[in-house]
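First up is the structure itself, then whatever we jot down about it.
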Amino acid sequence: MDTVELPVVVGVDGSDAASDALDWAAELAGRRGLPLRIVHASLWERYEGHIPGTSADRPAERLHSEAVLATAAERAGRRVPALKVMTDLAADDAVTALLRAGQSAEALVVGSRGRGEFASLLLGSVGLGIAARALCPVVVVRGRPENVRGGMNRVAVGIAERERPGDQEPAPPSAAVAFALREARLRGGELEAVHAWRCAGPEDHGAREEHGRREERREREDHGGREEHAAHEGQGAREAHTRRAAELLDQTLGGASAAGLPPVPVAHRPVEGSARKALLDASAHADLLVVGARRRQGHFGMQLGLVNHAVLHHARCPVAVVPVS
């Protein structure tokens with residue numbers, strides 16, 4: 001039986017940010033050998049759609065929407081000449097229209113902000129709403145021009161602690177890791193796997209101990225002994241965290257190899273510090289930053305998390321948010 005070929009979907013509205021997203025989406029579709037579906041949402045279509053599309057007196061809103069789609073389709077065809085391009089004028093708001101289109105898409109691509117967004121907003125409401133709710137990977141095209149153009153030859157992916165397998169066998173790669181590996185391979189670049197960890201201070205370790213034991217130790221040790229013990233504990237904990245981070249990256253990427261995914265050059269980067277800072281630092285020298293976002297069944301609110309929210313607003317390269325069930 002033939003496999004259904006899902007398109008790459010991109011939202012356009014005539015803005016410069018949407019043009020960047022269109023270029024990025026066309027190249028993504030071209031790399032993957034998929035069609036490109038260009039969606040423009042117009043609420044006018046919902047309320048005035050009873051007017052025939054062939055009418056000579058079509059309102060200016062309809063003419064504008066058609067022009068946006070025609071211009072976008074022509075641009076995509078110039079960008080990737082062999083690309084199959086489809087257009088869709090959706091009678092809905094942008095978020096609803098793109099979420100619906102994403103139900104049968106390989107990926108959704110949007111700009112960092114659209115027409116009518118306040119200039120002070122770091123990420124437009126459309127991009128944020130789609131990244132937080134879509135059931136397919138969402139790429140928000142943002143960042144510095146050199147990163148958007150793909151001049152870094154690198155894809156970065158964030159590896160979360162919860163992805164660590166509990167048994168001895170390598171676990172299958174998460175959807176985010178698989179997406180990042182495929183993009184790195186198709187681009188002919190390397191994959192940078194980033195995992196951030198924090199080493200708890202002496203006070204954090206003490207908070208986890210039973211109160212009586214803590215007090216007894218304090219009474220038994222003099223001031224210098226406590227400092228030496230704390231320094232020894234801190235160093236040992238840091239070494240243990242470093243080992244666990246390295247093991248996590250090995251196991252995660254080992255699962256990808258076991259799943260038969262084509263190998264790509266991989267740089268493992270365990271980082272002591274916050275995940276937010278580690279990922280933002282990685283975005284400075286990447287063409288794409290890939291993060292996973294857990295989707296809870298029956299939950300219809302924003303499902304991003306603080307770290308993903310931060311990278312969507314501040315990353316210096318495009319960000320792919322990949323749902324992880």
Side-chain angles (χ1 to χ4, degrees), residues 4-15 17-42 68-69 72-73 75-76 79-80 83-90 92-115 117 123-143 148 155 157 175-176 178-180 182-183 186 287-295 300 302-305 308-309 311-313 315 317-325:
V4 177
E5 200 174 54
L6 298 179
V8 172
V9 173
V10 60
V12 298
D13 61 4
S15 66
S19 294
D20 290 340
L22 175 67
D23 293 345
W24 207 98
E27 292 176 357
L28 174 65
R31 282 193 300 272
R32 299 197 175 200
L34 298 173
L36 177 69
R37 180 182 177 192
I38 305 172
V39 176
H40 174 69
S42 172
V68 166
L69 284 172
R75 181 181 179 116
R79 190 82 178 188
V80 183
L83 189 64
K84 178 182 178 182
V85 179
M86 303 170 287
T87 59
D88 181 10
L89 179 53
D92 223 322
D93 65 274
V95 172
T96 301
L98 289 170
L99 287 176
R100 185 184 301 113
Q103 293 175 0
S104 56
E106 175 82 2
L108 265 172
V109 183
V110 294
S112 57
R113 65 173 63 88
R115 301 182 70 90
E117 299 283 1
L123 175 65
S125 58
V126 172
L128 187 61
I130 293 167
R133 297 185 179 95
L135 299 179
C136 69
V138 174
V139 179
V140 176
V141 179
R142 57 161 298 110
V148 173
V155 173
V157 60
F179 187 94
R182 186 177 184 189
E183 268 303 289
L186 291 174
D287 300 319
L288 177 67
L289 173 63
V290 182
V291 294
R294 294 198 170 270
R295 298 289 193 251
F300 300 101
M302 303 285 273
Q303 300 185 64
L304 276 177
N308 289 349
H309 198 276
V311 300
L312 283 169
H313 281 82
C317 72
V319 179
V321 178
V322 181
V324 179
S325 59

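Predicted, not measured: the structure shown is a model, and the values here were computed from it.
Closest approach of G129 to V95, counting heavy atoms only: C-CG1, 4.5 Å. Pairing each heavy atom of P318 with each of V139, the nearest pair is CB-CG1, 4.3 Å. A pairwise comparison of heavy atoms in A76 and L22 identifies CB-CD1, 4.1 Å as the closest pair. When all heavy atoms are compared, the tightest approach of P323 to A134 is CG-O, 3.6 Å. Heavy-atom minimum distance, A131 versus L312: CB-CD1, 3.9 Å. Nearest heavy atoms, A94 versus A41: CA-CB, 3.6 Å.
Every side chain to side chain donor-acceptor pair (under 3.5 Å) that E27 has, sequence neighbours left out, goes to R79. Under the rule for a side chain to side chain contact (heavy atoms under 4.5 Å, CB included), the partners of A25 that lie at least two apart in sequence or sit in another chain are V8, V10, L36, V109.
With respect to V140, the side-chain contact (heavy atoms from CB on, under 4.5 Å) criterion is satisfied by exactly one of V311, L289, V110, L108: V110.
Between M86 and I38 there is no side-chain heavy-atom pair separated by less than 4.5 Å.
Between the SG atom of C136 and the CG atom of L6 there is a distance of 9.0 Å, given to the nearest 0.5 Å. Of the inter-residue distances, the one linking S42 atom OG with D93 atom CG reads 11.0 Å to the nearest 0.5 angstrom. Distance check: L288 CG to F179 CZ gives 6.5 Å after rounding to the nearest 0.5 Å. Interatomic distance, CG of L186 versus CG of L28, reported as 8.5 Å (0.5 Å rounding). In this structure, L34 CG and L83 CG are separated by 9.5 Å, a value rounded to the nearest 0.5 Å. Atom CG in L98 sits 12.5 Å away from atom CZ in R133 (nearest 0.5 Å).
With hydrogens and angles disregarded, a donor-acceptor distance shorter than 3.5 Å links the side chain of H40 to the backbone of V12. A side-chain donor-acceptor contact under 3.5 Å links R142 to the backbone of H313. Between the side chain of D13 and the backbone N or O of A18 there is no donor-acceptor pair closer than 3.5 Å.
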Which atom pairs, one a donor and one an acceptor, fall under 3.5 Å between side chains of residues 99-106 and the rest of the protein, sequence neighbours left out?
| residue | atom | partner | partner atom | Å |
| --- | --- | --- | --- | --- |
| R100 | NH2 | D92 | OD2 | 3.0 |
| E106 | OE2 | R32 | NH1 | 2.9 |
| E106 | OE2 | R182 | NH1 | 3.2 |

Item to check | Verdict with supporting geometry, R37 and V85, side chain to side chain contact (heavy atoms under 4.5 Å, CB included) | outcome: CA-CA 6 Å; R37 180 182 177 192; V85 179; over 6 Å; no
